[in-house]
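Beneath this line is the structure, given in structure tokens, with notes to follow.
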Protein chains: 4
Amino acid sequence: MNSKQEKIFTAAIEKFSQKGSTNTTMQEIAETAGVGKGTLYRYFKNKEDLIFSLIKYGIDEMASKVKEAVENVQDPVKKLEIVIEVQLEFYNQYRGFCKFLTREIWGPQSKFEEHIKEIRTNNTVIIEDIISQGIEEGKLKGINAELGAVSLSGMINITALHWFMFHESFPVEKIKENLISLYFDGIII
Amino acid sequence: MNSKQEKIFTAAIEKFSQKGSTNTTMQEIAETAGVGKGTLYRYFKNKEDLIFSLIKYGIDEMASKVKEAVENVQDPVKKLEIVIEVQLEFYNQYRGFCKFLTREIWGPQSKFEEHIKEIRTNNTVIIEDIISQGIEEGKLKGINAELGAVSLSGMINITALHWFMFHESFPVEKIKENLISLYFDGIII
Amino acid sequence: MNSKQEKIFTAAIEKFSQKGSTNTTMQEIAETAGVGKGTLYRYFKNKEDLIFSLIKYGIDEMASKVKEAVENVQDPVKKLEIVIEVQLEFYNQYRGFCKFLTREIWGPQSKFEEHIKEIRTNNTVIIEDIISQGIEEGKLKGINAELGAVSLSGMINITALHWFMFHESFPVEKIKENLISLYFDGIII
Amino acid sequence: MNSKQEKIFTAAIEKFSQKGSTNTTMQEIAETAGVGKGTLYRYFKNKEDLIFSLIKYGIDEMASKVKEAVENVQDPVKKLEIVIEVQLEFYNQYRGFCKFLTREIWGPQSKFEEHIKEIRTNNTVIIEDIISQGIEEGKLKGINAELGAVSLSGMINITALHWFMFHESFPVEKIKENLISLYFDGIII
DNA sequence: AATGAATGAGACTTCATTCAT
DNA sequence: CATGAATGAAGTCTCATTCAT
């Protein structure tokens with residue numbers, strides 16, 4: 001990735017996570033990134049494009065990390081455990097992005113609703129497929145796979161966000177254990 | 001509640017849920033409510049106050065419905081079932097509010113962060129208390145009660161929102177069953 | 001006409017005639033008119049709308065003055081004389097508008113080209129009709145009426161503009177005589 | 001003339017005639033000319049200089065064509081006929097320049113007002129001198145020579161522009177005949 | 001010499017808020 | 001009390017110009 005674009009991305013996430021995308025001005029992003037205001041518009045068509053690119057970049061990044069981690073694992077139960085672990089780690093490492101993402105993904109997407117749907121789907125579908133596989137193999141309960149995937153997504157996302165906002169520390173290991181216990185002892189037959 | 005204030009609330013939720021609070025102008029709210037722009041400022045100090053009042057009103061409303069429904073029930077397991085049911089029903093009935101709330105509650109609270117924390121806590125604490133009670137009574141697993149509460153909250157909220165946005169219908173009964181199955185068979189010993 | 005709109009019109013013509021519409025900022029117009037910047041946008045959708053409204057208003061004004069002056073005259077030659085006189089007087093009285101109009105009417109109309117054509121036509125057609133009438137009555141030479149109308153329009157407009165820019169005074173009477181002599185002794189049989 | 005400068009001139013006229021000089025960016029001109037943006041600044045001090053150079057180049061070109069064509073002619077009436085013919089031909093051949101010129105020459109000259117005056121004068125004075133000569137020789141009416149020159153200029157310019165904008169074809173011969181008839185039978189004793 | 005990435009002044013426009021009616 | 005015309009701070013975006021390569 002281009003180094004200047006990277007600086008802009010980093011600056012944007014920092015600001016967006018602190019103040020929300022709507023309350024952050026392009027001016028602020030430029031200053032934080034250490035570039036001129038006009039430079040932002042060389043790399044992104046407009047503010048909306050910058051936001052959308054960030055969402056896409058972040059989700060794709062997370063999704064690919066999850067895919068990679070799960071690739072050579074066969075057991076769907078083990079796979080789900082890895083999903084939880086990787087996502088928690090990702091959120092922990094990129095807390096700003098986590099905050100930013102949660103807001104934007106449920107926001108009024110107006111212009112790029114379709115893209116957001118697609119992006120969001122890409123992420124959820126990974127989990128959904130694992131659950132479907134697990135159900136077929138008789139290792140997981142026969143619940144609605146989509147609902148199972150969305151629920152897990154929501155649990156992880158909201159819990160992480162809650163901890164970032166209400167607690168000083170984020171004990172990934174402890175939270176992971178709890179979430180797995182909570183989600184597994186129900187879903188495993 | 002004053003009738004004019006109610007009209008404003010209704011109009012605001014309608015607009016906020018469609019376009020987000022930042023993309024909604026006071027003008028639009030006034031027009032939708034059928035009152036003059038200046039009138040909004042008789043009932044609310046400013047836009048921020050209107051947003052905050054809405055959040056508070058909505059959450060308090062939901063919390064009081066939950067409290068009321070749970071009041072005379074002893075069994076914590078039954079209580080949790082009721083929580084899920086009541087919240088799903090509430091979101092279903094006030095879909096606009098559900099969308100609005102999810103965005104705002106995780107948004108950049110800037111000015112009234114403390115109030116939001118308090119409000120959000122009020123809601124989560126109900127669930128947390130039920131879980132604590134259940135653990136003491138030996139009916140629920142000994143997980144971290146706060147995490148259990150936040151997880152449930154997230155599951156319900158995100159799942160509801162997902163269904164509103166990706167599916168035509170919202171089969172409350174079916175979703176309730178699935179969520180209960182998912183959450184219960186794990187948390188119940 | 002609304003008094004504030006009139007103030008804006010006057011201010012806009014003053015500025016536009018001095019610096020051209022593109023080099024005049026909405027800020028300047030607001031200041032000159034003694035109103036707030038936002039007020040401009042209560043009366044006009046945007047800058048383009050303001051420019052277009054001015055053109056339309058001015059041309060309609062001039063056309064209606066011409067029509068009125070010519071109404072009860074029968075002789076087409078006398079009519080043409082009146083046209084020249086009225087237009088010169090109009091340009092003389094509203095020099096700023098004359099400058100502004102000449103630039104805009106031949107400018108890159110982009111968005112409202114069709115409207116401009118219509119407006120410009122409305123004005124030229126009055127002269128064209130008089131010429132056609134004169135030809136039918138055998139009092140004017142059988143030249144192309146449209147060309148005759150456009151030529152006269154151009155002569156008047158460019159001559160007026162030239163005098164405003166290169167001479168201190170604008171001797172309407174003298175110029176009128178010269179133009180009539182020039183245009184008449186050719187067109188009259 | 002340098003070949004790269006010529007490419008820039010051609011590109012600039014094309015764009016200016018289409019969108020007006022203010023609505024054309026240096027970027028666009030560079031792209032159309034097939035050179036880098038920075039190169040424009042090797043050949044012209046800035047955008048204003050480019051515009052001014054174009055005006056000067058075009059008018060000088062036209063004026064020299066007129067001068068050349070008129071050089072060995074004695075009769076002032078014949079001279080005027082040639083002026084009309086040459087200018088119409090010139091406009092017809094360089095329609096884009098005709099549009100561009102008409103706008104700019106009457107535009108808000110701000111920075112180079114004096115130069116424009118000089119340039120414009122150069123052109124008008126040729127006609128003015130012919131008229132003066134004709135008056136002295138007793139072949140033309142004793143009207144104000146400057147007004148006669150400006151009027152003819154205006155007639156030709158505006159008529160040409162009108163035909164470019166409102167009609168598909170530009171029948172030079174027909175228009176020439178009409179203009180000569182119109183202008184001559186009045187100005188010739 | 002030629003290029004085009006980078007810059008930032010400045011333009012247009014929106015909208016929360018005020019206040020005279 | 002209610003209204004909506006008026007305001008101007010502030011935001012997004014454009015584009016002439018510079019300068020390192």
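All heavy atoms count here, side chains included; hydrogens, waters and symmetry mates do not. Sequence lines set the chain letters: A, B, ... in the order given, protein chains first and strands last, and positions in each chain run from 1.
Atom-to-atom, NZ of B/Lys15 to C1' of E/dC15 comes out at 16 Å; the value is rounded to the nearest Å. Between the P atom of E/dC15 and the CD1 atom of B/Ile51 lies a distance of 14 Å, rounded to the nearest Å. Rounded to whole Å, atom C1' of E/dA6 lies 15 Å from atom CD of A/Gln5. F/dA5 atom P lies 8 Å from atom OH of C/Tyr43, rounded to whole Å. Here the C1' atom of nucleotide E/dA1 and the CG atom of D/Leu40 are 14 Å apart, to the nearest Å. Regarding D/Phe44, its CZ atom lies at a distance of 16 Å from the C1' atom of E/dA1, rounded to whole Å. Rounded to whole Å, atom P of E/dA2 lies 10 Å from atom NZ of D/Lys7.
Residues forming a side-chain contact (heavy atoms from CB on, under 4.5 Å) with C/Ser53 (at least two apart in sequence, or on another chain): C/Phe9, C/Phe44, C/Asp49. With sequence neighbours excluded, no residue forms a ring pair (Phe, Tyr, Trp, His ring centres under 6.0 Å) with C/Tyr41. The ring pair (Phe, Tyr, Trp, His ring centres under 6.0 Å) search around A/Tyr91 returns none, not counting sequence neighbours. The side chain to side chain donor-acceptor pair (under 3.5 Å) test applied to D/Thr10 returns no partner, not counting sequence neighbours. Take B/Asn46 and apply the side chain to side chain donor-acceptor pair (under 3.5 Å) test, not counting sequence neighbours, and it matches no residue. Remark: B/Glu14 engages no residue in a side chain to side chain donor-acceptor pair (under 3.5 Å) (not counting sequence neighbours). Every residue two or more places apart in sequence or in another chain that forms a side-chain contact (heavy atoms from CB on, under 4.5 Å) with C/Ile13 is listed here: C/Leu54, C/Phe97.
Heavy atoms only, all atoms of each residue included: C/Phe16 and C/Arg103 are closest at O-NH1, 3.3 Å. Heavy atoms only, all atoms of each residue included: B/Lys99 and B/Ser17 are closest at CD-O, 3.8 Å.
For E/dT3, one of the phosphate oxygens OP1 or OP2 lies less than 4.0 angstrom from a side-chain nitrogen or oxygen of D/Thr39. For the OP1/OP2 pair of E/dA1 and a distance below 4.0 Å, the side-chain nitrogens and oxygens of D/Lys4 include no atom meeting the criterion.
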Base, backbone or nothing for each nucleotide of nucleotides 15-21 of chain F, written B, S, -, heavy atoms under 4.0 angstrom, 5' to 3'?
SSBB---

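When each of E/dA1, F/dA2, E/dT3 is scored by its nearest atom to the side-chain atoms of D/Arg42, the top-ranked nucleotide is E/dA1.
Paired regions of DNA chain E, where each region holds three or more successive Watson-Crick or G-U pairs whose two hydrogen-bonding distances fall under 3.5 Å, are E:2-21 with F:2-21.
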